[in-house]
Structures are given as C-alpha cells and as structure tokens.
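So the structure is just underneath, and the comments pick up after that.
Basis for what follows: all heavy atoms, side chains included, without hydrogens, waters or symmetry-related copies.
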Amino acid sequence: MTGISAAAEGTVQRLRDGMAGGVLSFPLTSFHGDGGLDLDSYRTYLTGQLAASPGPGAVFPACGTGEFFSLDEDEYREVVRATVEVAAGRLPVVAGIGYGWAQARRFARIAEEAGADALLVLPHYLVAAPQDGLVEQLRHIAAGTSLPLIAYQRGQVAFTAEGLRRIAEIPTVIGLKDGHSDLDRLQRLTLAAPDGFLFFNGASTAEIQARAYATVGVPAYSSAVHAFAPEIANAFFTALHTDDHTTTTKLLRDFYVPLVELRDRVPGYAVSLIKAAARLRNLPVGPVRAPLTDPDQTDLASLEKILDTGLGLAGAQRQR
C-alpha cells in the first residue's frame with residue numbers, strides 16, 4: 001500500500017496478524033432492562049469474551065452487532081473507551097462509525113479521542129449513491145480523522161473494481177468488509193486492490209460462507225457467534241484452518257445452518273437472536289433496544305436447543 005502513514009501501517013500489520021490467528025469479534029452492547037446503557041456489565045461481558053482461548057484477532061465495538069444505530073454520542077464514547085480499557089493494547093480496537101459523512105466524522109473524532117486503533121465505516125443512511133458519491137463520502141470522512149478506515153459494503157453500498165481502486169488511493173483507507181456475498185464481484189475487487197489491502201468476510205453468520213470466501217482470497221471473517229459462544233466460534237475457526245472437513249461440516253450442518261434458518265424468520269434477529277443466546281449463557285448483555293425486539297418463547301426454545309447442540313459439538317456446556 002502506498003501513501004499510508006507509519007501508524008496506519010502498524011495497524012494494518014496488527015490486523016493482518018490477528019486475522020491469521022482468530023476470528024474478528026463484534027461484541028454486544030449491554031443495556032439495563034429500561035434500555036439504559038449498562039457500562040459495568042459491558043466491561044464484565046467483554047472481559048470474558050476476550051479471555052476466550054484463542055482470543056479474537058481484533059475487537060469491533062459499537063458496530064452492527066453492538067447496536068451502533070441506537071447509541072447516542074455520549075454512550076458511544078463510553079462504549080469505545082471501555083473497550084480500549086479492557087483490550088489494554090492486546091489486540092486492535094476498530095470502532096464503528098456511520099450515517100452521513102458529517103456525522104461519521106463526529107463519531108470518528110470521539111473514537112479517536114477514546115483510543116480506538118481504526119474505524120469501520122458502516123453503510124450510510126437510506127439513499128443509494130453512485131460510485132463518485134461513495135468515494136467522496138470516504139474522502140470526507142478520511143479528512144476528519146487520522147485513524148485508518150475500513151469501508152463496509154452492504155445494503156446500498158457496493159463498490160465496483162474502479163471504485164475500489166479509487167478508495168484504495170485514499171491514504172488511510174486500509175480495507176473493505178463485504179456483506180453482499182457476491183463472490184464474482186468480490187473476486188474482481190480483490191484483483192483490483194493494491195498489495196496489502198485488507199478484505200473481510202462480513203456476511204451475516206459469516207461461517208456459513210467462510211469456505212467460499214476463502215476461495216477468492218478472503219479468509220478473514222467476523223463472527224457474531226463469538227459474541228455468545230467463543231467456544232463454538234473458535235472450534236469452527238480451528239477446524240477450518242486445519243482442513244478438518246468433518247468437524248467443519250458437522251458444525252455447519254448441525255449448528256450454523258439451524259441458527260441461520262431461525263435468524264431469517266424475523267427481521268432484526270441477526271442481532272436480537274445473538275443477544276438472546278448470550279442471555280441463555282447468563283452473559284450480562286440485557287435486552288435489545290427498539291426497533292429491534294427480543295425473541296418470543298417459541299423461538300427462544302428453538303435457540304436453546306441449537307445452542308446446546310453447538311456447545312456439545314465444541315466440547316463445551318452451557319451453565320444453567
């Protein structure tokens with residue numbers, strides 16, 4: 001990569017090293033029953049998540065799984081600051097930012113002051129945009145922070161190969177997280193990217209497509225499952241990276257696919273189901289905030305069975 005600062009290059013290397021040794025962790029944000037931010041519980045929860053062995057390659061607070069969209073600026077500051085304190089320099093902290101570029105720069109400034117190492121630029125709000133606009137959006141954000149940026153293409157954000165080349169010319173844009181799962185398009189993007197540019201599998205329940213993403217040169221992935229069952233996430237990661245096809249297939253067939261089928265039943269379950277699974281393990285995360293809704297009793301019963309199956313396959317148990 002050319003034109004990148006020494007600090008950004010150091011973050012790239014730390015991320016690359018981390019991605020080779022573990023999943024990317026996207027922690028939940030803890031709330032009280034009345035919806036207020038529960039920072040003490042968040043610290044307790046995150047400490048447990050990062051203590052899992054092997055530890056994650058990086059931690060991404062206040063992103064989609066962490067309900068970034070429901071946090072105000074003060075809450076966001078506290079979540080990022082707490083994450084930096086708990087991580088204590090052991091792994092990179094990549095905070096989510098989003099909305100339009102003006103608001104994204106406000107969040108970027110907060111994250112930088114709180115000690116984050118890099119930023120994940122979540123898809124902007126509501127409207128579709130041409131490639132020129134998507135590139136200009138990142139230019140504006142980059143002008144407001146010295147932190148490295150990872151673009152996230154999902155929903156209305158999708159880069160062409162030419163768009164990818166242009167954002168890669170922005171000195172602090174270091175990578176792209178993909179949530180579209182269009183492998184033909186993604187292969188074209190990886191071929192268009194400069195040497196050293198980072199790519200991440202950001203599909204919902206990314207393990208389902210991890211093998212396919214790896215074939216186009218994107219082996220690193222985010223794991224929502226790590227947010228409630230690091231044992232399962234790590235078992236899958238280890239099996240995948242040691243070519244243990246038997247274990248990989250068993251985990252996919254008996255745990256991940258049933259989880260995805262349940263997740264797809266209700267809008268928002270990509271987050272609220274993950275949080276419900278954490279509560280089944282007595283992790284102090286609390287409820288989701290509206291407009292998300294917690295699962296009903298029927299879906300909770302199904303989730304409990306799926307969770308117990310996954311823990312059994314990973315050689316772990318759920319504390320009751």
- Going by an N to O cut-off under 4.0 Å, is there a salt bridge joining Arg289 and Glu75? yes
- Task: Looking only at non-hydrogen atoms, find the nearest pair between Ala151 and Ile167 and report the distance.
- Result: CB-CD1, 4.3 Å
- Arg43 atom CZ, neighbour heavy-atom count above 12 within 6.0 Å: yes
- Message: Taking ring pair (Phe, Tyr, Trp, His ring centres under 6.0 Å) as the definition, give me every residue that meets it alongside Tyr76, ordered by chain and number, with sequence neighbours left out.
- Response: Phe68, Phe107
- Task: Could you grab the distance from atom OG1 of Thr248 to atom CZ of Arg253, nearest 0.5 Å is fine?
- Result: 11.5 Å
- Query: Can Tyr213 and Asp178 be counted as having a side-chain donor-acceptor contact under 3.5 angstrom?
  - Reply: yes
- Task: Measure up the Phe197 and Phe199 rings against each other and bin them: parallel (under 30°), tilted (30 to 60°), perpendicular (over 60°).
- Result: perpendicular
- Message: Donor-acceptor check, side chain of Gln156 to backbone of His124, threshold 3.5 angstrom: yes or no?
- Response: yes
- Query: Step by step, would you call Leu259 with Leu303 a side-chain contact (heavy atoms from CB on, under 4.5 Å)?
  - Reply: CA-CA 7 Å; Leu259 180 67; Leu303 177 62; 3.9 Å; yes
- Item | For Phe26, ring pair (Phe, Tyr, Trp, His ring centres under 6.0 Å) partners two or more places apart | Phe60
- Message: Less than 3.5 Å apart, any donor N or O on the side chain of Gln49 or Ser25 sitting next to an acceptor on the other?
- Response: no
- Task: Begin with the C-alpha distance, continue with both residues' side-chain angles, and end with the deciding distance and a verdict on side-chain contact (heavy atoms from CB on, under 4.5 Å) for Thr29 and Leu71.
- Result: CA-CA 9 Å; Thr29 299; Leu71 299 175; 4.3 Å; yes
- Message: Under 3.5 Å, is there a donor on one side chain and an acceptor on the other for Gln131 and Glu136?
- Response: no
- Task: Mind running ring-ring contact (aromatic ring centres under 6.0 Å, His included) on Tyr256 and Phe236 for me, showing each step along the way?
- Result: CA-CA 10 Å; Tyr256 283 99; Phe236 183 87; 5.2 Å; yes
- Query: Can Glu169 and Arg166 be counted as an ion pair, charged N to O under 4.0 angstrom?
  - Reply: no
- Electrostatic pair Arg14-Asp17, nearest N-O below 4.0 angstrom: no
- Regarding Ser181 and Arg154, is there a side-chain donor-to-acceptor distance under 3.5 Å anywhere? no
- Query: Taking atom CD of Gln297 as the centre, does the number of heavy atoms from other residues, nucleotides or ligands within less than 6.0 Å exceed 12?
  - Reply: no
- Pairwise side-chain contact, Glu112 with Ser146, heavy-atom cut-off 4.5 Å (strictly under): yes
